[in-house]
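Notes follow once the structure below has been shown.
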Amino acid sequence: MADENDTSGDSHGKAAPKARARRPGQGTPAKKAGGTPAKARARSRRRSTKKAAAAKGPKKAAKTATKAAAKKTTRKSTKKAAPAKSARAAAKADAPAKQAADEAGAATDPTPPTASGTRSAGGAAAKAEKKKTKAGKTAAGGTQAPAPGKAADDTKASAKEAKAAAKEAKAEKKRTKAGKTAAGTTASGSKAAAKEAKAEKKKTKAGEKSAAGKTASGDKAKKKRKKKKARGKSRKSRRAVLVAGLRTPFVKAFGALMSMDTIALGDAATQALLERTRIAPDAIDGIVWGGVILPSGAPNVGREIALDLKLPPKVEGMTVTRACASGLQAVTLAAAAIERGEADVMIAGGSDSTSNAEVKLPQKAVQALAPLAFGKAKGMREMLGVLSQLMPITELLPKMPKIAERTTGEVMGESAESMARRNEVSRETQDAYALRSHQRAAAAIESGRFDAEVVPVTTPEGTVVHTDDIVRGDTSVEKLARLRPAFAADGTVTAGNASPLTDGASAVLLMSEEKAEELGYEPLAYFKSWAYVGVDPADQLLIGPALAMPLALKRAGYELDAMDLVDVHEAFAAQVLSVTKALESDAFGRQRLGRSDRVGTIDWDRFNVHGGSISIGHPFGATGARMVTTMANELKLRNAKTALLGICAAGGLGAAAVLERP
């Protein structure tokens, strides 16, 4: 059986004539009627092709339609920039073109088969011709194959057609490639567009987020401003007011109140305040207490007072220390707690018992005796070892307490001496001021001005102490001049023009204005402002009030001249007069306060109207609360509006406050 791929014979198995090139001189075939033989053959071929197509019928039509659809799909895919589909469509489109090109090559290339077994171009042409002949026979119902010359001409025409088809296929390929490039460009453009759209989306989202953030931030800031404004209103509406203040008599140390320590004195003052005001214990929120000489076994005096007086357990207590300004610090802390809304009713004050100051052993003795105290030295050898460390015995003896600066080693009285020299405050001026203080305090006692604030105290021994025992209304400049300097042989500070060591306590009752109205209490005063400052202890240790008082005035919106009363703590006459000189000094105002001139001028008729610590005494932790009570009562008695307080303190501290009547 013949191989259908074998091109050596025709469809009937006969050998096909070989197409040879015409030799020179060989004539052309004679023309037939109706045209040349070549034209006749072309017509015949067209008729044969039509008949073959008709014979193949729907099958070939379907195939043609499929190819057309494939081409159409290729064009659509190219337009839609789908590289994968375009490639497949292009491959389908290339298939017929490739086949045609192969046929054309086979028809024109006479090269014989190569060593690798490749078929010759003539064989390919013969095969193609065989297929055509077979198709023609089928269509003609068994018509004979064309003559050899005619086959050669047909082959030549087929080659031309193949070339044209190849050319068309090549053009189509170029178009397809251009389509792919366009598709790639479109895809790349689409990708870039998508990327750009994504970036734009991100920008939009970021913008929206930023706008939202800004809006949220703006809303947050707005809320914060509203909250701050509301808090400001709340503070104004919750203004802390002083409704009452009491104190024990201030007595000289190691005197009538020696048997009462600072806690006992605090108990006495607070108990008297509770009884005088009749405040319900349940209404009290807490106690803030000031102290300097604190008992080592129970340093939180404020809490101890609450426990001793059997106040409800909920009444918390704390103790603060700011040297001589501890009492004022306690009062302003309580006022601040009320104004912040942390409490409605607070007790504040301070106390100190110099008589009960603990005597401190030298550290050498403490370290040497520690093994005995903790039971570690049990044998004789250990005991002897401890005793050997105690020699010489003079180093173990207790020493008199000193109010000295740890950083400079300077005793406070020595600082007062230094300030007196620096500010040119003479001994006579100091003594004259001290006399004034005693006389004014004595007048206040005589007139009953202190009756509203001083309450009697009964000691454990049953002795009742009714009044202050330091005031000397009968003293004179001559008597004061006879006193020797206390801190320097040629000094000016004496026991007569300095505050004495004192035992005593003071307490005040504060509450919000609303609470005072609710409970039926009449406010005496409220704090318009307060200020605390520090100065260099090595410079002028006690000059602090000269800086704190202007600051408190500034915060309150007042000038010194507008104050109805001014009350300055009298640690030493030299210190008070140095502070007043500074307040009246243009140079001090410029150099230390950054002002263009002085703070103001002192009106001595309104200054320390009832004396001060030189005559009344100075229990360190109690003085601040005592000054607040005295000034609040005096504002009411005088129907005055404002009072300025100033206190110096160890460590180079200064404190001040502005009181105002409601």
Side-chain angles (χ1 to χ4, degrees), residues 290 292 320-333 335-336 350 403-408 410 412-416 418-420 422-423 425 498-499 527-556 558-560 563 565-585 587-595 598-600 602 607-608 612-614 618 620-628 631 643-659:
V292 177
V320 299
T321 183
R322 194 188 276 271
C324 304
S326 298
L328 182 61
Q329 178 70 82
V331 176
T332 56
L333 280 175
I403 306 172
E405 288 297 306
R406 187 187 67 83
T407 56
T408 64
E410 189 177 51
M412 195 172 285
E414 295 171 347
S415 298
S418 175
M419 290 177 70
R422 180 169 174 172
N423 297 299
V425 181
S499 59
F527 284 95
K528 185 73 172 176
S529 69
W530 57 75
Y532 296 94
V533 302
V535 299
D536 184 0
D539 182 21
Q540 295 192 76
L541 177 69
L542 307 174
I543 201 66
L547 285 82
M549 292 166 74
L551 182 56
L553 286 170
K554 182 179 179 181
R555 290 174 178 173
Y558 285 121
E559 292 293 336
L560 179 60
M563 294 295 102
L565 297 168
V566 177
D567 203 54
V568 175
H569 164 49
E570 300 172 346
F572 302 90
Q575 160 260 323
V576 175
L577 296 171
S578 293
V579 168
T580 56
K581 276 196 169 188
L583 294 174
E584 293 181 323
S585 168
F588 186 88
R590 288 192 299 269
Q591 296 169 11
R592 299 296 296 273
L593 304 175
R595 297 169 60 99
R598 70 185 70 187
V599 175
I602 301 297
F607 187 90
N608 286 24
S613 299
I614 289 175
H618 176 39
F620 307 123
T623 293
R626 189 271 301 170
M627 293 171 66
V628 169
M631 287 297 100
L644 174 63
L645 284 65
I647 302 175
C648 64
L653 297 174
V658 175
L659 285 176

Can you find a heavy atom in the side chain of [X] that is under 4.5 Å from one in the side chain of [Y]?
X	Y	answer
Leu560	Arg598	no
Val599	Phe588	no
Val576	Phe607	yes
Leu333	Trp530	no
Leu659	Leu565	no

Could you walk me through whether Val658 and Phe527 satisfy the side-chain contact (heavy atoms from CB on, under 4.5 Å) test, starting with their C-alpha distance in whole Å, then the side-chain angles of each, then the deciding distance to 0.1 Å, before giving a yes or no? CA-CA 6 Å; Val658 175; Phe527 284 95; over 6 Å; no
Could you tell me which non-hydrogen atom of [X] sits nearest to which non-hydrogen atom of [Y], and how far apart they are?
X	Y	result
Ala571	Cys648	CB-SG, 3.9 Å
Ala649	Leu542	O-CD2, 4.5 Å
Cys324	Ile647	O-CG2, 3.8 Å
Ser499	Glu570	CB-O, 3.5 Å
Met627	Val568	CE-C, 4.1 Å
Pro537	Glu405	CB-OE1, 4.2 Å

Show your reasoning for whether side-chain contact (heavy atoms from CB on, under 4.5 Å) applies to Leu328 and Arg322. CA-CA 9 Å; Leu328 182 61; Arg322 194 188 276 271; over 6 Å; no
Give the C-alpha distance, both sets of side-chain angles, the deciding distance and a yes or no for side-chain contact (heavy atoms from CB on, under 4.5 Å) between Val535 and Arg592. CA-CA 11 Å; Val535 299; Arg592 299 296 296 273; 4.2 Å; yes
Gap separating the CE atom of Met549 from the CG atom of Leu644, nearest 0.5 angstrom: 4.0 Å
Measure the spacing between CD of Gln540 and OG of Ser418 and express it to the nearest 0.5 Å. 7.0 Å
Is a side-chain donor or acceptor of [X] paired with a backbone partner of [Y] at a separation under 3.5 angstrom?
X	Y	answer
Asp536	Ala538	yes
Ser613	His569	no
Glu584	Ile602	yes

Quick check: are there more than 12 heavy atoms from other residues, nucleotides or ligands sitting under 6.0 Å from NZ of Lys581? yes
Is it true that Glu559 and Arg595 make a salt bridge, defined as a side-chain N closer than 4.0 Å to a carboxylate O? yes
Give the C-alpha distance, both sets of side-chain angles, the deciding distance and a yes or no for side-chain contact (heavy atoms from CB on, under 4.5 Å) between Lys528 and Tyr558. CA-CA 10 Å; Lys528 185 73 172 176; Tyr558 285 121; 4.3 Å; yes
